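Order of the sequence lines sets the chain letters (A, B, ...), proteins ahead of strands, with each chain counted from 1. Bear in mind the structure is a predicted one, so any value in this text is a computation, not a measurement.
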There are 2 protein chains.
Amino acid sequence: MAERVTIGDLARRLGLSKASVSYALNGQPGVSEQTRERVLALARELQWYPSSSARALSGARTGVVGLVLSRDPDLLGTEPYYMLVLSGIEAALIDAEYGLLLRMVGSEPGRDLPVYERWAGEGRVDGVMLFDQRRDDPRIPLLRRLGLPAVLNGAAEPGAALPAVVPDEHGDADQVVELLHGLGHRRIVHLTGPSGLLHEERRDGLVRAAASRAGMVVETLEGDYTMGTAERLTTERLRRGPAPTAWVASNDVMALGAVRAAAREGVDVPGDVSVVSWDDSLLCEIGSPPITALDRHPRDFGHRCARALLAEIAGTGDGDTGPRRSELRVRASTGPAAA
Amino acid sequence: MAERVTIGDLARRLGLSKASVSYALNGQPGVSEQTRERVLALARELQWYPSSSARALSGARTGVVGLVLSRDPDLLGTEPYYMLVLSGIEAALIDAEYGLLLRMVGSEPGRDLPVYERWAGEGRVDGVMLFDQRRDDPRIPLLRRLGLPAVLNGAAEPGAALPAVVPDEHGDADQVVELLHGLGHRRIVHLTGPSGLLHEERRDGLVRAAASRAGMVVETLEGDYTMGTAERLTTERLRRGPAPTAWVASNDVMALGAVRAAAREGVDVPGDVSVVSWDDSLLCEIGSPPITALDRHPRDFGHRCARALLAEIAGTGDGDTGPRRSELRVRASTGPAAA
DNA sequence: CTGAAAGCGCTTACAG
DNA sequence: CTGAAAGCGCTTACAG
């Protein structure tokens with residue numbers, strides 16, 4: 001075990017007090033430039049690292065932010081979306097020399113609450129990032145009570161209870177509906193994630209609004225992001241009689257499920273039915289047919305989320321650059337509406 | 001900000017010393033059962049949480065283990081393997097009330113070294129999990145020097161410099177080769193990941209050994225886990241003249257690349273060429289054709305890795321349950337060898 | 001079984 | 001600009 005070098009060691013060697021060393025190391029006023037240089041040089045030479053626990057204990061930052069992922073592990077393994085968001089988060093944190101404490105819990109609502117409670121109680125993190133906001137989300141009052149900085153990612157109203165990072169949901173819905181309308185489709189099935197999730201409700205509202213402006217009709221089917229459910233819902237709907245010609249699915253996995261179910265029912269994609277995914281990924285690229293999808297820049301989004309949280313922790317305004325327009329990647333799963 | 005409850009508060013309320021409270025809370029001897037009960041009851045009532053930094057500073061555990069993922073973010077987003085391993089790790093850590101500090105760095109070798117140095121210096125973690133061991137891996141001497149507990153995941157020799165968790169690579173190679181041999185294949189292309197990775201070298205050796213026992217021949221092509229490279233290598237090999245009839249790829253993404261390249265070259269899968277993936281995932285299931293793949297139980301593997309590290313940290317032997325046999329999921333990408 | 005005390009390595013008022 | 005000191009909330013010998 002390498003012997004730890006402390007600021008006490010640095011102070012002794014330099015004939016300074018620990019306070020001066022601390023000021024020098026932290027870029028605080030209170031030491032001459034010359035002293036600071038000497039301190040920094042010695043710290044580097046002796047490979048001094050600040051003890052994160054000592055720092056945290058004496059009231060400074062922990063240098064860590066927390067993220068609780070509330071999805072089923074199997075789904076996390078198949079949906080590339082979160083891994084990409086995660087890598088964007090990491091990129092932002094690295095720049096700020098922050099660490100990420102990651103926790104995966106199941107998808108049942110509320111399983112994450114004790115984690116925040118504990119993190120706050122133990123003083124583990126400086127803040128947390130929240131995804132998948134729900135109606136009357138219990139995390140918001142909880143985090144307020146705990147006094148833990150937090151950022152709501154994917155929220156609609158910037159003026160909400162917590163600072164938020166918003167995606168371009170409006171533009172997303174418009175792009176998708178526009179494409180389908182242009183292809184002659186007039187009826188859409190919107191295959192959503194669980195309706196308890198606010199972004200699913202918002203998306204559905206925006207799709208309906210855009211559709212109705214274009215004189216189109218929308219049927220909503222509530223899925224759960226899994227392929228199995230998407231296949232079942234699609235099969236049922238196709239069998240129930242005259243079905244819409246366009247399907248919009250909330251993620252890539254469900255879009256694939258819709259395509260597979262259609263194939264199994266003898267419904268041609270895109271001949272009889274067009275399919276669009278709200279998330280792009282390799283899954284969409286390799287589907288047969290490849291699936292038209294929105295590239296919502298998940299890495300970029302993760303990066304913005306982390307930066308917003310860091311700004312919140314630092315108390316320096318939100319610093320959010322605002323949403324970036326998604327790119328609709330048109331592939332073979334969409335085509336002219338059947339007559 | 002909720003006021004922090006400390007053991008001092010508990011001690012005062014109960015008329016005990018902080019030491020007694022600490023002993024009671026930590027299940028240490030030195031307090032009567034009755035006292036312990038009272039302490040625990042009050043701690044629960046006041047929602048006391050141990051300050052992780054105070055604990056860590058006074059020499060106890062940090063309660064956190066670290067993981068550095070050294071792959072390109074884009075690849076992490078497409079390859080489901082790591083997310084599944086991660087969820088297995090999380091499951092084991094939750095049981096032990098441990099947290100996971102996650103860091104993603106690029107795939108250039110060595111980018112992770114400063115992270116370990118820093119984590120050790122800052123006293124951030126109790127140990128780290130190592131994946132993707134390389135020949136003369138610099139992490140091993142580094143971690144030894146730093147005195148940071150570590151576990152090598154995916155290593156072959158249990159008697160190595162660090163405790164290790166081993167997959168059933170032998171069985172994996174045998175299963176794959178056996179399947180192909182039974183289908184009449186006699187020549188295999190082994191599309192590997194970077195040869196600097198020890199598990200790639202071992203796999204290749206095992207595939208060659210199993211093949212040669214069965215009178216088969218193996219050609220090795222070194223890929224980098226990406227689809228692009230796999231497509232290019234496959235295309236080149238197919239064009240170069242009489243190619244083997246069986247392709248074994250080190251991950252699902254490369255297997256897909258091989259299938260796509262074959263299709264583009266007018267080579268039928270599995271009519272002309274069979275393809276097997278070393279990793280199973282949704283990508284394999286939805287491929288056209290669906291790809292025969294080894295389910296190496298990545299969640300289970302992650303779970304074992306985390307448990308081994310926790311055992312190492314606790315100093316309680318390795319506690320590894322040993323490898324679990326992988327399951328070869330035979331799908332439409334493999335068939336009888338062309339005459 | 002219990003208490004008083006030192007110490008972990010920092011940060012931060014407070015004096016000089 | 002610098003130093004002596006208190007304090008963060010625990011754990012852990014050491015006495016009783």
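- Every stem involving DNA chain D, taken as at least 3 paired positions in a row under the Watson-Crick or G-U wobble test at 3.5 Å, is listed here: C:1-3 with D:14-16, C:5-12 with D:5-12, C:14-16 with D:1-3.
- In terms of position along DNA chain C, the nucleotide closest to B:Pro29 lies nearer the 5' end than the nucleotide closest to the other residue of the pair B:Ala54 and B:Pro29.
- With sequence neighbours left out, the side-chain contact (heavy atoms from CB on, under 4.5 Å) criterion links A:Ser53 to A:Ser51, B:Ser53, B:Ala56, B:Leu57.
- The salt bridge (Lys or Arg N to Asp or Glu O under 4.0 Å) contacts involving residues 42-70 of chain A comprise nothing, where partners must be two or more places apart or lie in separate chains.
- A 4.0 Å heavy-atom criterion places the boundary nucleotides of DNA chain D facing chain B at D:dG9 to D:dA13, written 5' to 3'.
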Do any side-chain atoms of residues 11-19 of chain A form donor-acceptor pairs under 3.5 angstrom with protein atoms, and if so which ones, sequence neighbours left out?
from    : atom 1 : to      : atom 2 : distance (Å)
A:Arg12 : NH2    : A:Asp9  : OD1    : 2.7
A:Ser17 : OG     : A:Ala19 : N      : 3.4
A:Ser17 : OG     : A:Ser20 : N      : 3.1
A:Ser17 : OG     : A:Ser20 : OG     : 3.1

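- By the salt bridge (charged side-chain N to carboxylate O under 4.0 Å, His left out) test, B:Arg71 pairs with B:Glu79, B:Asp132, sequence neighbours left out.
- Judged as a side-chain hydrogen bond (donor to acceptor under 3.5 Å, both in side chains), and not counting sequence neighbours, B:Ser58 has no contacts.
- Of all the residues in residues 11-24 of chain A, A:Gly15, A:Leu16, A:Ser17, A:Ala19, A:Ser20 reach under 4.0 Å from DNA chain D with at least one non-hydrogen atom.
- The salt bridge (Lys or Arg N to Asp or Glu O under 4.0 Å) pairs that include a residue from residues 25-35 of chain A are A:Glu33-A:Arg36, where partners are two or more places apart or lie in different chains.
- A:Glu117 pairs by the side-chain hydrogen bond (donor to acceptor under 3.5 Å, both in side chains) definition with A:Arg145, not counting sequence neighbours.
- Counting any heavy atom pair closer than 4.0 Å across all strands shown, B:Thr35 reaches sugar-phosphate atoms only and no base atom.
- For A:Tyr98, the side-chain hydrogen bond (donor to acceptor under 3.5 Å, both in side chains) partners are A:Asp126, not counting sequence neighbours.
- In this structure A:Tyr225 satisfies the side-chain hydrogen bond (donor to acceptor under 3.5 Å, both in side chains) test together with A:His199, A:Glu200, sequence neighbours excluded.
- Of the inter-residue distances, the one linking B:Arg103 atom CZ with A:Leu100 atom CG reads 9.0 Å to the nearest 0.5 angstrom.
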